[in-house]
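Below is one structure, written out as structure tokens, with a few remarks after it.
All values below come from the heavy atoms of this structure, side chains included, with hydrogens, waters and symmetry mates left out. So that the names make sense, note that chain A is the first sequence line, chain B the second, and so on, each numbered from 1.
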Number of protein chains: 2
Amino acid sequence: MSLRYALLGLLRDRPASGYDLTQRFAQGIGRYAWSAKHSQIYPELRRLTEEGLIEVVGEGARGKKVYGVTEAGRAELRDWLLSEPKDGTIRNELLLRLFLISGLAPEDRIRILEDVEAETAKLAEQLEDTFKTLTDGTDDLPAGSYAAMFGVYSYRAMHNWARWALEEQHKRDH
Amino acid sequence: MSLRYALLGLLRDRPASGYDLTQRFAQGIGRYAWSAKHSQIYPELRRLTEEGLIEVVGEGARGKKVYGVTEAGRAELRDWLLSEPKDGTIRNELLLRLFLISGLAPEDRIRILEDVEAETAKLAEQLEDTFKTLTDGTDDLPAGSYAAMFGVYSYRAMHNWARWALEEQHKRDH
DNA sequence: GAGGCCATGTAATGAGTTACATGATTAT
DNA sequence: ATAATCATGTAACTCATTACATGGCCTC
């Protein structure tokens with residue numbers, strides 16, 4: 001069910017085609033929160049249209065259909081956002097890896113942690129730039145900027161955790 | 001494919017039955033990285049046994065079977081952990097919600113952010129206690145302590161992000 | 001006109017959840 | 001004895017990925 005809310009949310013932000021949505025899932029939101037492939041998106045857009053939660057608001061070249069959220073769709077989304085979160089799906093393959101490294105030989109573990117330490121620093125910086133670009137000039141926060149800043153905080157956290165793990169490693173080495 | 005590595009990793013940590021694994025997925029690892037239900041675990045344990053990656057190392061009451069990782073299983077897990085991460089599945093329903101709140105009315109958004117701010121502070125503290133309990137007395141880091149500390153860093157990050165979002169909100173209010 | 005990207009869709013397969021089903025052991 | 005928990009399994013269904021399939025538009 002989460003997919004439909006992700007679609008409603010992205011479309012409320014601004015109207016888009018199935019193709020556009022596929023691109024957006026490949027970055028931002030899809031990197032942290034929820035991703036989907038076009039083969040799942042197109043059928044869901046059809047269903048949402050049938051249920052009156054979205055509608056075609058424009059057409060373009062190559063059979064392009066641009067969808068927008070209806071009033072019913074907005075209400076549906078709001079209801080979901082304000083409902084109790086009850087623990088939903090969590091799936092994060094990268095994290096799974098990190099959780100399992102404790103059984104590796106120390107040199108393998110250290111290599112991986114050092115990789116994480118370096119990668120996350122780079123990613124945090126990149127996202128900080130993204131955030132600055134997004135907010136440059138405007139006085140309010142565009143939709144994507146919450147996600148971008150969340151990414152910055154998250155990567156910094158992973159970075160700090162990797163540093164902590166490496167330090168612990170060194171402590172126990174001698 | 002991630003499920004089998006999660007199982008190999010948990011079993012390498014210490015032998016366990018399908019039932020035990022189900023419980024462990026319901027906490028720690030299952031809260032942040034990967035979760036699974038017993039109906040998915042039992043068939044996978046059968047397949048892993050058939051492939052010689054795990055084996056029954058003990059039996060108990062009520063038809064209980066305790067599994068342990070074989071040498072082949074250890075090698076398989078290590079190969080996976082040391083392979084290039086290439087972006088894998090990400091699914092996080094709670095985060096999806098947070099990404100979509102930008103379209104809500106300010107008062108709704110603030111309420112949700114304040115909830116997040118309070119909840120994450122509580123969760124971070126709880127996990128810090130868990131970590132202390134886990135490491136109390138021992139000199140090395142038990143497997144679960146990496147996960148616990150990761151949780152601490154993550155919740156603190158979410159907490160700081162929520163505070164940031166609320167501050168931005170106030171700034172733009174007047 | 002050739003290659004790359006835009007754009008939509010369906011089919012087959014795999015992964016994951018919910019519901020169904022059964023029975024043993026333990027604590028009260 | 002009765003309820004709670006331990007313990008394993010299968011069946012039906014839904015959700016998600018990979019592969020198949022088609023064609024228009026744009027740039028060089």
Side-chain angles (χ1 to χ4, degrees), chain A residues 1-8 10-11 15-27 29-31 33-51 54-68 80 86-93 96, chain B residues 1-8 10-11 15-27 29-31 33-51 54-68 80 86-93 96:
Chain A
M1 282 294 89
S2 291
L3 175 62
R4 62 173 38 209
Y5 298 112
L7 291 171
L8 287 172
L10 289 172
L11 289 176
S17 67
Y19 188 85
D20 298 334
L21 291 164
T22 306
Q23 314 301 110
R24 288 168 76 188
F25 269 117
Q27 327 144 349
I29 205 167
R31 282 245 234 292
W34 209 268
S35 69
K37 304 285 158 77
H38 80 278
S39 55
Q40 204 186 357
I41 293 169
Y42 288 115
E44 189 66 34
L45 288 173
R46 188 178 47 70
R47 278 191 291 271
L48 287 167
T49 308
E50 281 165 7
E51 293 172 38
I54 63 174
E55 63 190 346
V56 176
V57 296
E59 315 216 345
R62 279 160 290 192
K64 177 177 185 171
K65 283 178 278 184
V66 178
Y67 295 90
W80 182 71
K86 64 173 172 51
D87 36 81
T89 311
I90 296 222
R91 242 156 252 290
N92 188 328
E93 192 177 314
L96 174 61
Chain B
M1 281 293 89
S2 292
L3 174 62
R4 62 173 36 211
Y5 298 112
L7 290 171
L8 287 172
L10 289 173
L11 289 176
S17 68
Y19 188 84
D20 298 335
L21 291 163
T22 306
Q23 313 302 109
R24 286 168 76 188
F25 268 118
Q27 330 145 343
I29 207 167
R31 285 245 233 291
W34 210 269
S35 68
K37 305 282 161 79
H38 80 277
S39 56
Q40 204 185 358
I41 292 170
Y42 288 115
E44 189 65 34
L45 287 174
R46 189 176 49 68
R47 279 191 290 274
L48 288 166
T49 308
E50 280 164 8
E51 292 173 38
I54 63 175
E55 62 190 348
V56 176
V57 296
E59 316 216 345
R62 280 160 289 195
K64 178 177 183 171
K65 282 179 278 183
V66 179
Y67 295 90
W80 182 70
K86 60 172 174 50
D87 36 79
T89 312
I90 298 223
R91 240 157 253 292
N92 188 329
E93 193 179 311
L96 173 60

Sequence-distant partners of A:Ser2, side-chain hydrogen bond (donor to acceptor under 3.5 Å, both in side chains), two or more places apart: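 Expected list: B:Glu93.
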Those residues that, when tested against A:Asn92, pass side-chain hydrogen bond (donor to acceptor under 3.5 Å, both in side chains) (two or more places apart):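 A:Asn92: no side-chain hydrogen bond (donor to acceptor under 3.5 Å, both in side chains) contacts found.
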Less than 3.5 Å apart, which donor and acceptor atoms pair up between the side chains of residues 43-51 of chain A and the rest of the protein, not counting sequence neighbours?
| residue | atom | partner | partner atom | Å |
| --- | --- | --- | --- | --- |
| A:Glu44 | OE1 | A:Arg47 | NE | 3.4 |
| A:Glu44 | OE1 | A:Arg47 | NH2 | 2.9 |
| A:Glu44 | OE2 | A:Arg4 | NE | 3.2 |
| A:Glu44 | OE2 | A:Arg4 | NH2 | 3.1 |
| A:Arg46 | NH1 | A:Glu50 | OE2 | 2.9 |
| A:Thr49 | OG1 | A:Leu45 | O | 2.6 |
| A:Glu51 | OE1 | A:Arg4 | NH1 | 2.9 |
| A:Glu51 | OE2 | A:Arg4 | NH2 | 3.1 |

Inter-axis angle, terminal five-pair segments of the helix from C:dG1-D:dC28 to C:dT28-D:dA1 [nearest 10°]: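 The angle separating the two end axes equals 30°.
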side-chain N/O A:Arg91 vs C:dG16 OP1/OP2, d < 4.0 Å: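 The answer is yes; a side-chain N or O of A:Arg91 sits under 4.0 Å from OP1 or OP2.
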Residue-phosphate contact under 4.0 Å: A:Arg47 side-chain N/O, D:dT14 OP1/OP2: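 The answer is no; no side-chain N or O of A:Arg47 sits under 4.0 Å from OP1 or OP2.
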Residues in ring-ring contact (aromatic ring centres under 6.0 Å, His included) contact with A:Tyr19, at least two apart in sequence or another chain: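 Partners of A:Tyr19 by the ring-ring contact (aromatic ring centres under 6.0 Å, His included) criterion come out as none, since no residue qualifies.
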Rounded to the nearest Å, what distance is computed from the [atom1] atom of residue [X] to the [atom2] atom of nucleotide [N]?
| X | N | atom1 | atom2 | answer |
| --- | --- | --- | --- | --- |
| A:Leu3 | D:dC15 | CG | P | 9 Å |
| A:Met1 | D:dC13 | CE | C1' | 13 Å |
| A:Leu7 | D:dA16 | CG | P | 11 Å |
| B:Glu93 | D:dC15 | CD | C1' | 13 Å |

Backbone N/O of A:Ala26 and side chain of A:Arg31: donor-acceptor pair under 3.5 Å: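 Flag set: sc A:Arg31 to bb A:Ala26 pair under 3.5 Å.
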Heavy-atom protein contacts under 4.0 Å, nucleotides 2-13 of chain C, coded B base, S sugar-phosphate only, - none: ----BBBBBB--
